[in-house]
Amino acid sequence: MLDKTFDPKTAEPRLYEAWEKSGGFAPTDDPNAEPFSIVIPPPNVTGSLHIGHALNNTLQDVLIRFERMRGKAALWLPGTDHAGIATQMVVERQLALSGNLSRRDLGRDDFVAKVWEWKAQSGGTIVNQLKRLGASCDWSRERFTLDEGLSAAVRKVFVKLHKEKLIYRDKRLVNWDPHFQTAISDLEVEQREVDGHYWHFAYPLEDGSGEIVVATTRPETMLADTAVAVHPSDERYKAVVGKAVRLPIVGRPIPIIADEYPDPEKGSGAVKITPAHDFNDFMVGKRHNLPVINIFDDFARINDNAPPEYRGLDRFEARKKVVEAFEALGLLREIEKTRHTVPHGDRSGVVVEPYLTDQWYVAADVLAKPAIKAVEEGDTVFVPKNWEKTYFEWMRNIQPWCVSRQLWWGHRIPAWYGPDGKAFVEETEAEAQKKADEHYGRPAPLKQDEDVLDTWFSSGLWPFSTLGWPEKTGDLARFYPTNTLITGFDIIFFWVARMMMQGIHFTGEVPFKRVFINALVRDAEGKKMSKSKGNVMDPLELVDEYGADALRFTLTAMSGQARDIKLSRQRIEGYRNFGTKLWNATRFCQMNGCARAEGFDPAAVRAPLNRWIVGETQRTAAAVTEALADCGFADAAEGLYRFIWNQFCDWYVELAKPLLSGADAAAKAETQATAAWVLDVILKLLHPVMPFITEELWEKTADLGAPRPQGGFLMTAAWPDLPAALIDPAADAEVALIVETITEGRSVRQGLNVPPSAQPPLLVVEASAEQRRVLEASAALVQRLLRVAEVRFVDAAPAGSIPYVVAGATLALPVADFIDIAAERTRLTKEVAALTADIDRTAKKLANPDFVGRAPEEVVEENRERLAEAGAAKAKLEEALTRLGGAAGA
RNA sequence: GGACGUGUAGCUCAGCGGGAGAGCACCUCGUUGACAUCGAGGGGGUCACAGGUUCAAUCCCUGUCACGUCCA
């Protein structure tokens, strides 16, 4: 006998261990099984599971469990990402907290050793958390982006792209993060709107004939100005173009140039040009061959290119000082408040500087073309489809991708420099040396590039590098391209797009056929959760409190498309209760001898109740299967919830009670077998979403009745595939009549406050022969569930009885003695009024020749029926009202 | 400034051309042998606003307003 409730705390770890030991997480070896593969979006190796991971991984697990049960060779390949900048940041912070040693003090090798230490210490955390969630990943294939195999793939890709001239070194402005002292890509820059000022500075003309006013939000950059620009059509400045101004503070003469860039409508129409510290100005400088003067060091402090009194100052200190100097010089014309966007590093949170450096770039525009085409042609589809727009938008406007980072934790760039700075890009140092020696005609000393690659460079290879590429492995042949990628929209650019570009370029095939974009879990204020913001929620706490199944079901049910998810504890609690409900229904079945029968054939059951539930089971199985096959996770959860609770528990179990305790041995046996069969199907259908409780129930009911066809774990049981022929409309109608008779009758009773203890008869006043037969046959049920003494067939409703109408039949409850007549009169009057309104509307509609002429025949027919039914019901209720009036008067 | 998305019951959300649904919350009743992590019943919504298309609009189109996210 089952306990009263399921205990997830003890059962979940036990079941997970049993699954893992069984080897059931690995894809089947059966060569005939269709492969189905998912690669996990690799979480940061030193991270911990937040609620977004929980959602994302729950959905992947639902899908992989579903496909595994459908008999596919289902592979969910797990692993973690070294997460260059994020991990380095964590370790640096730890160093600062403990020893005060900066990474520079420590030196590269020792620092990297420290990171590996930290990885060893905390790297298992997230994996264990995924296990708590029930994730059925094939851990034997677990990968890490810095594994030797994956690192070899990274080198091969880099070298090949270099040889194809799709990776090149270039000196240009990058987004420079002064906190980490590294370049970052455009995507890692966050534009934040902040309050700021326009400072209007006057630059005196060198010939003393006047001044020109420029406005800037960044006064300190004036130290690096090399021109002032005006629009060529701007009449105000026609005369001064070609002249020079003398740059205040610095004293350098700089030219006034004409360029399309300045907007004459804005400010004075003249702008200062600082090619070294502004992306737009850099372009202007290129067009006019302006000198590029850099005044910052790697920390964004002022360097020696500025006047001595500014050197060494932090950029914000320098800003103050420049403004003060202008004021002192009498050249500060105005300070205007403004709100403008300022670029910040998404990890460091500090203001990013455009900074002139040598970096490695990927010619993303070339790689993007086939990646765009693949989505256009449907080789890869996005679900929901509108995310394709986002993908196209970015891919069609893609910029060169800066892939070098001035960090220490990551894949070191496979480039070696000769004495004259020439780069030799090869997969190994030996190969580079060989090439260098050939080039120089003598042994030459080489020095490897100090930089590492952007983390996304290696994660972009994830779908194939994890399967063994560039080796031609069996896994690669079998599981690539992967079937479905499930991820958040926040990394469509960072990750999905890069995988598409690199996957197609290196394997000739798309990396996945389908991309399911799941919603983003946000915090209470609707803000994106991130570790750097510190607003993460702990799903493990929720697992502890409610069990993994409850959290999983909640996330699945709320995973509707393109929405933010705000998690509520009440909701999780509700789904925990749902699990308990199923648990207790099983318990009931167990107590009533429900056991699988040898050779049970659901199509052959005879009792209408059993025929009905068999049909409903088929409908549910079909709906859930279709939903899961199309990533309709929420629909699947919804359908399961309704079927299990509102149909199986609320009605089937209740209606089956008389059969299970009745004298008809054949009906009893059939019901026991049917219930066991339905439960088996339920456990299978629910397993992908709630794997633990279903597996436990599967195990606990294993010894009841005939052995299950495939024995073993529910996790690897065959998914139900039921024929639609199991649906029997006659049985459906029969059960519907009984259910409505009870529901409507209860409504009458409770609406009139008939005491629960009162047991009037149920009078069947008017009914078809078939309805009479059904009601007679189900009299015991109706008695029990409607709490009536008997079901009696009469010719007319006696005075003081309360009628109600179900499917055209008139039923009545003689409860006048128990009720408040005035209240009943009110109730009937209200109902008659509602029916009258409905009749009026419907009649009006049917009187409209346009409606009758144009609407589909079935809609017109439906309305005719509605009108007839409402008319009949109204007549019956009015009659009752009349009778009641007499009774009340008496 | 551009793109996308969202406004439906007190809350969280389904539905998306033929008289609006669920869960939670709320009110009333109920321990009848699976389940109080429960059962029964009930109240509660001019489906953001304004136009248009249609026999018919919560649903489609246009505009407005509000909120959110992404990209400049």
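In the text below, chain A, chain B and the rest are named by the order of the sequence lines, each starting its count at 1.
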How many Å lie between CG on N592(A) and C1' on rA34(B), as a whole number?
8 Å

Give none if rG21(B) has no partner; otherwise give the nucleotide forming a Watson-Crick or G-U wobble pair with it, both distances under 3.5 Å.
rC13(B)

C1' atoms of rU8(B) and rG23(B), separation to the nearest Å:
15 Å

With a cut-off of less than 4.0 Å, is there a side-chain N or O of K657(A) near OP1 or OP2 of rG33(B)?
no

Base-pairing assignment for rG68(B) (Watson-Crick or G-U wobble, both under 3.5 Å):
rC4(B)

Going through the checks in order, is the ring-ring contact (aromatic ring centres under 6.0 Å, His included) test met by Y641(A) and Y575(A)?
CA-CA 9 Å; Y641(A) 186 95; Y575(A) 290 126; 5.6 Å; yes

Is there a donor-acceptor pair under 3.5 Å between the side chain of D454(A) and the backbone N or O of W456(A)?
yes

Nearest 0.5 Å, what's the CD1-CG distance between I613(A) and N610(A)?
9.0 Å

Mapping V189(A) and C649(A) to their closest nucleotides on RNA chain B, which lands nearer the 5' end?
C649(A)

Considering heavy-atom distances to RNA chain B, does A557(A) or F493(A) have its closest nucleotide positioned more toward the 5' end?
A557(A)

According to the Watson-Crick and G-U wobble definitions, with both distances under 3.5 Å, which nucleotide is paired to rG63(B)?
rC49(B)

For F494(A), look at atom CZ and say whether over 12 heavy atoms of other residues, nucleotides or ligands are found less than 6.0 Å away.
yes

Main chain of L2(A), side chain of Q590(A): is a donor-acceptor contact present, judged purely on distance under 3.5 Å?
yes

Give a yes-or-no answer on whether the side chains of S185(A) and E188(A) include a donor-acceptor pair shorter than 3.5 Å.
yes

Do K581(A) and F648(A) meet the cation-pi criteria used here (NZ or CZ under 6.0 Å from the six-membered ring centre, within 45° of the axis)?
no

Could you state the atom-to-atom distance from CZ of R784(A) to P of rA40(B) in whole Å?
14 Å

Touch check for S568(A), heavy atoms < 4.0 angstrom, all strands: base, sugar-phosphate only, or nothing?
nothing

Per atom distances to the R787(A) side chain, the nearest of rU32(B), rA34(B), rG39(B) is rU32(B)

Describe the nucleic acid contact of T586(A) in one word from base, sugar-phosphate, nothing, applying a heavy-atom distance below 4.0 Å.
nothing

Listed nucleotide nearest any side-chain atom of S747(A), set rC38(B), rG42(B), rU37(B):
rG42(B)

Which nucleotide in the list rA34(B), rG41(B), rA72(B) gets nearest to the side chain of T341(A)?
rA72(B)

Centre-to-centre under 6.0 Å for F516(A) and F382(A), is that the case here?
no

For the pair made of CD in E573(A) and C1' in rA36(B), what is the distance, rounded to whole Å?
13 Å

By the Watson-Crick or G-U definition, both distances under 3.5 Å, rA56(B) is matched with none

Pick base, sugar-phosphate or nothing for C589(A), based on heavy-atom distances below 4.0 Å to the nucleic acid.
nothing

What parts of residues 389-396 of chain A reach RNA chain B, counting only heavy atoms under 4.0 Å away?
K389(A)

Between the side chain of N592(A) and the main-chain N/O of C594(A), is any donor-acceptor distance below 3.5 Å?
no

Regarding T580(A) and N577(A), do their side chains bring together a donor and an acceptor under 3.5 Å, going by distance alone?
no

Just call it for E654(A): base, sugar-phosphate, or nothing, with non-hydrogen atoms closer than 4.0 Å on any strand.
base

Taking the side chain as every heavy atom from C-beta outward, state whether Q783(A) and Q759(A) have any pair of such atoms under 4.5 Å apart.
no

Expressed in angstrom and rounded to an integer, what is the separation of E744(A) atom CD from rG41(B) atom P?
10 Å

At less than 3.5 Å, do the side-chain atoms of K581(A) and the base atoms of rC35(B) form a donor-acceptor pair?
yes

Touch check for R746(A), heavy atoms < 4.0 angstrom, all strands: base, sugar-phosphate only, or nothing?
sugar-phosphate

Treating primed atoms plus P, OP1 and OP2 as sugar-phosphate and everything else as base, which nucleotides of nucleotides 18-25 of chain B get B, S or - for protein heavy atoms under 4.0 Å?
BB--S-SS

For atom P, what is the distance between rG17(B) and rC59(B), given to the nearest Å?
11 Å

Pairing nucleotide - rG43(B), Watson-Crick or G-U, each distance under 3.5 Å:
none

